[in-house]
Amino acid sequence: MSSKNNSKEENRQSWHQFLVFFKNTNFSWGWILLSTGLTIVYYFTYTLVPGNTAALFGGQFTDQAIKGVLVNYSVIMVMLLLIGAVSVIAEAKSVRSVRKSVWKRMMGIKTSYYDEHGANYLLSAVTSDTQLSVSSLISVITVLPGQISYLAKAIPQINGFSPKLVWAIVILIPVYVGYAFLIGRWQYKVGMTIQGRIGTLTGYLSDRIRNLSLIKSFGTEEKEEAKGLEASKELYQANIEFGHMNAVIVAYTIGAEVLGTILAVVWGSILLKNQEITTEEWLTFFLFAPTINTVLRQLSTMWSTLKDVQGRASRLGALMEAPREDMNENAPEAVTGDIRFEAVDFSYNEKVQTLKKMDLVIPEGKTTAIVGPSGSGKTTVLRLIESLYTPQSGSITVGGTPLKDMNLCSWRDKLSYVNQIAELFSGTVREALTYGLKRPVTDEELENAAKTADIYDFIMTLPGGFDAELSLWGGSMSGGQRQRMVIARELLRQAQVLLLDEPTSALDPETASSVADTFFSGFEGKTIVAVTHELGYIARADQIIVMNEGEVIDKGTHEELMERCDLYRILVEEQSYQEVFA
């Protein structure tokens, strides 16, 4: 019983997410309505064809009858051409618009949502989910009114010949209703499975391709190849089930159409033999029957199409409902000053508390180093300063103003963040150095920043200099070169608060020392918060905060902490040992 209840709840939730997706995305309604109108004209014209054609078959070779048939078929051909052209535009514009909505939504989602779902997995939401969902929905929206109008005009005409003729149509309704619900449920399940496995495979391949050098260095090509094939196999199996389902649909469809044709011929012949209808009426009904049969089948497939879209769009709907960052756009501009944590509690999940009643002060214009064992919560402090996460309790203030009450965009404009990965987007060197800047940058500024970061000479060796194209993720540069590119970028940004998260841990000691010198000389007078184990940063810090298991256990200068803090002394001795043998 609980399994059934869970299934019903999941189905309700999927429909809810489908409606959320439909409500919160912008379709190209002008083109959709035009395509719908053309489709209605097409089906209306099609209702005139059987009567005119039957009249010709009945021997009425009048100019009016011939002209009527020619005009009807001419209009039908023109409508088909227009519908094809307009529907392509409607679909393309709608897909583009919906992708913009989805992408904009993704940019505003809280970081915690990506932690739970995985950014790579959501790649297919912007690509295949959007394309297939929008295309299917538009086909339903544009065709449904025309098909209903066709039945609304055709069935009364047939009923006018003889109500008994309508029975042959009524008998087909249960056949197609059964098709709609049985196949629709199957399509929903298979559609969900395929999209889920596409997302998994996309995420896996993206992650492995990005770390291809790591795979090669560890010689795990065969292992990763096997994993990739296994992920592909799961998608293959889902596609095989989809193929089986389509085979059943084709067989079911052909069977229904044959049944409809037999009913039209046999039942119409019986009524004709009993002289309940005329030959012309029988011919008209016989010409109506295949189209009615096709329309009924298409109407039934629309339900299964909606079920398929329901499965594909549910993830998009969930994305639309994902918690969004509160940007506080109407709040005052962010201020600067001392950054203060007061009794801050924070956890990424319910089981493990990362920060516990944390109190600390980061003085404005000073350098604060945060040290501690792995997992002590150092990086979390930076993430909270950036407002990527918000504390469960306690407060974070800047210059006495609560961080949560500030305009988030203006606050982040005051921040620079550098980590050990040295993240760069592909594009030109100029685009990489000016990323995120909201002002024009002159060539002279670029040169000065590059020279200060000691990366100018390298840039000049590239074909095109500042306009040279970088490889994906800056893969063609060394770790030190990427880090210096990031430093140059942040020098141009000239933010008031510089957040450093182990920025030199991936570099050799000589390069790390040189990069550290650049940070301190290039950002003099700025507020610097450095999460690090490097002695070069620690020795220059105005304040050192020692953390362990989510708590601040001591703070002071290097000399003070060496005298009284055992944990700090151990960390320094370990680092000294590492540097001796580096």
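Just so you know, these numbers come straight off a predicted model, no measurement behind them.
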Exercise. In Å, rounded to the nearest 0.5 Å, how long is the span from CG of Leu403 to OG1 of Thr390?
Worked result: 10.0 Å
Exercise. So which heavy atom on Met485 is nearest to which on Leu433, and how close?
Worked result: O-CD2, 3.4 Å
Problem set entry | Nearest atoms (heavy-atom pairs only) where Val344 meets Ser395 | CG2-O, 3.4 Å
Exercise. Can you find a heavy atom in the side chain of Thr25 that is under 4.5 Å from one in the side chain of Met320?
Worked result: yes
For this session: Any chance you could lay out the salt bridge (Lys or Arg N to Asp or Glu O under 4.0 Å) test for Lys404 and Asp326, step after step, and finish with the verdict?
Result: CA-CA 9 Å; Lys404 64 182 180 61; Asp326 185 2; over 6 Å; no
Exercise. Would you find a donor on one side and an acceptor on the other, under 3.5 Å apart, between the side chain of Arg383 and the backbone of Tyr389?
Worked result: no
For this session: Tell me, with the steps shown, if Thr428 and Glu469 meet side chain to side chain donor-acceptor pair (under 3.5 Å).
Result: CA-CA 4 Å; Thr428 65; Glu469 290 285 338; 5.7 Å; no
Exercise. Does Arg564 reach the side chain of Leu561, with side-chain heavy atoms less than 4.5 Å apart?
Worked result: yes
For this session: Check the pair Glu342 / Lys357 against salt bridge (Lys or Arg N to Asp or Glu O under 4.0 Å), numbers first and verdict last.
Result: CA-CA 7 Å; Glu342 296 179 345; Lys357 300 298 179 186; over 6 Å; no
Exercise. For the residue pair Asn24 and Ser101, what are the closest heavy atoms and their distance?
Worked result: O-CB, 4.2 Å
Exercise. Is there side-chain contact between Leu492 and Val441, with heavy atoms separated by less than 4.5 Å?
Worked result: yes
For this session: Any chance you could measure Phe21, atom CZ, to Leu137, atom CG, to the nearest 0.5 Å?
Result: 6.0 Å
Exercise. Are the side chain of Arg484 and the backbone N or O of Ala453 linked by a donor-acceptor pair below 3.5 Å?
Worked result: yes
For this session: Could you label the plane-to-plane angle of the Phe466 and Tyr456 rings as parallel, tilted or perpendicular, counting under 30° as parallel and over 60° as perpendicular?
Result: tilted
Exercise. Taking the six-membered ring for Trp, are Phe346 and Tyr348 parallel (under 30°), tilted (30 to 60°) or perpendicular (over 60°)?
Worked result: perpendicular
Problem set entry | Considering all heavy atoms, the nearest Ile109-Ala322 contact | CD1-CB, 3.8 Å
Exercise. Does atom OH of Tyr435 have more than 12 heavy-atom neighbours from other groups under 6.0 Å away?
Worked result: no
For this session: Output the distance between atom CD (Gln496) and atom NZ (Lys414), rounded to the nearest 0.5 Å.
Result: 4.5 Å
For this session: Taking all non-hydrogen atoms of both residues into account, name the closest pair between Ser387 and Arg412 and its distance.
Result: O-NH2, 2.9 Å
Problem set entry | Evaluation steps, salt bridge (Lys or Arg N to Asp or Glu O under 4.0 Å), between Arg439 and Glu445 | CA-CA 12 Å; Arg439 61 178 179 83; Glu445 287 181 282; 3.0 Å; yes
Exercise. Do the side chain of Ser376 and the main chain of Pro373 share a donor and acceptor less than 3.5 angstrom apart?
Worked result: yes
Exercise. Residues two or more places apart in sequence or in another chain: which of them pass ring-ring contact (aromatic ring centres under 6.0 Å, His included) with Phe458?
Worked result: none
Exercise. Out of curiosity, Glu431 CD to Asp467 CG, how far, rounded to the nearest 0.5 Å?
Worked result: 8.5 Å
Seminar exercise, completed: Minimal heavy-atom distance between Thr532 and Glu502, with the atoms involved, is CA-OE1, 3.5 Å
Exercise. Can you find a pair of side-chain heavy atoms, one from Met406 and one from Asn328, that are under 4.5 Å apart?
Worked result: no
Exercise. Given the rule in the salt bridge (Lys or Arg N to Asp or Glu O under 4.0 Å) test, do Asp457 and Lys451 qualify, once you have shown the distances and angles that lead to the verdict?
Worked result: CA-CA 8 Å; Asp457 290 342; Lys451 288 176 179 177; over 6 Å; no
For this session: For atom NZ of Lys93, decide whether the heavy atoms of other residues, nucleotides or ligands shown that lie under 6.0 angstrom number more than 12.
Result: no
Please list, one pair per line, the donor and acceptor atoms closer than 3.5 Å that link side chains of residues 541-551 to other protein atoms, with sequence neighbours excluded.
unit_1	atom_1	unit_2	atom_2	d
Asp542	OD2	Thr367	N	2.8
Gln543	NE2	Val361	O	3.0
Gln543	NE2	Thr368	OG1	3.2

For this session: Starting from the C-alpha separation in whole Å, work towards a yes-or-no answer on side chain to side chain contact (heavy atoms under 4.5 Å, CB included) for Val102 and Leu316.
Result: CA-CA 8 Å; Val102 173; Leu316 293 170; 4.1 Å; yes
Problem set entry | Side chain to side chain, Leu500 and Ile528, heavy atoms closer than 4.5 Å | yes
Exercise. Can you tell if the side chain of Val552 reaches within under 4.5 Å of the side chain of Met358, non-hydrogen atoms only?
Worked result: yes
Exercise. Around Arg96, counting heavy atoms of other residues, nucleotides and ligands shown, do more than 12 lie under 6.0 Å from its CZ?
Worked result: no
Problem set entry | Sole residue of Asn419, Leu382, Thr379 in side chain to side chain contact (heavy atoms under 4.5 Å, CB included) with Leu499 | Leu382
For this session: Would you check if the side chain of Arg340 reaches a backbone N or O of Thr397 as a donor-acceptor pair within less than 3.5 Å?
Result: no
Exercise. Backbone N or O of Ser410 within a donor-acceptor pair of the Asn407 side chain at under 3.5 Å?
Worked result: yes
For this session: Check whether any side-chain N or O of Glu321 sits under 3.5 Å from a backbone N or O of Gln17 as a donor-acceptor pair, and report yes or no.
Result: no
Exercise. Do any pairs count as a ring-ring contact (aromatic ring centres under 6.0 Å, His included) and have a residue in residues 402-421, sequence neighbours left out, and if so which ones?
Worked result: none
Exercise. Atom CZ in Arg489, atom OG in Ser416: separation rounded to 0.5 Å?
Worked result: 8.5 Å
Problem set entry | N/O donor-acceptor pair under 3.5 Å between Asn26 side chain and Ser97 backbone | no
Exercise. So do the side chains of Ile385 and Ile396 get within less than 4.5 Å of each other, counting heavy atoms only?
Worked result: no
Exercise. Between Arg493 and Glu490, is a side chain to side chain contact (heavy atoms under 4.5 Å, CB included) present by the stated rule, with each step listed?
Worked result: CA-CA 5 Å; Arg493 187 175 176 85; Glu490 301 311 323; 3.3 Å; yes
For this session: Could you tell me whether the side chain of Glu573 and the main chain of Ile570 form a donor-acceptor pair under 3.5 Å?
Result: no
Problem set entry | Validation row: Leu384, Leu355 side chains within 4.5 angstrom (heavy atoms) | yes
Problem set entry | Any donor-acceptor N/O pair, Ser87 side chain to Gly84 backbone, under 3.5 Å | yes
Exercise. From Thr527 OG1 over to Glu364 CD, what is the distance, rounded to the nearest 0.5 angstrom?
Worked result: 5.0 Å
For this session: Could you give me the CA-CA distance, side-chain angles and deciding distance for Asp345 and Gln353, then say whether side chain to side chain contact (heavy atoms under 4.5 Å, CB included) is met?
Result: CA-CA 8 Å; Asp345 283 329; Gln353 190 168 2; 3.0 Å; yes
For this session: Please lay out, stage by stage, how Arg324 and Arg105 fare under the test side chain to side chain contact (heavy atoms under 4.5 Å, CB included).
Result: CA-CA 8 Å; Arg324 293 176 58 79; Arg105 181 72 60 161; 3.2 Å; yes
For this session: Answer yes or no: are there more than 12 heavy-atom neighbours, outside Trp103 itself, under 6.0 Å from its atom CH2?
Result: no
Seminar exercise, completed: From the list His558, Glu560, Glu563, Lys555, side chain to side chain contact (heavy atoms under 4.5 Å, CB included) partner of Tyr568 resolves to His558
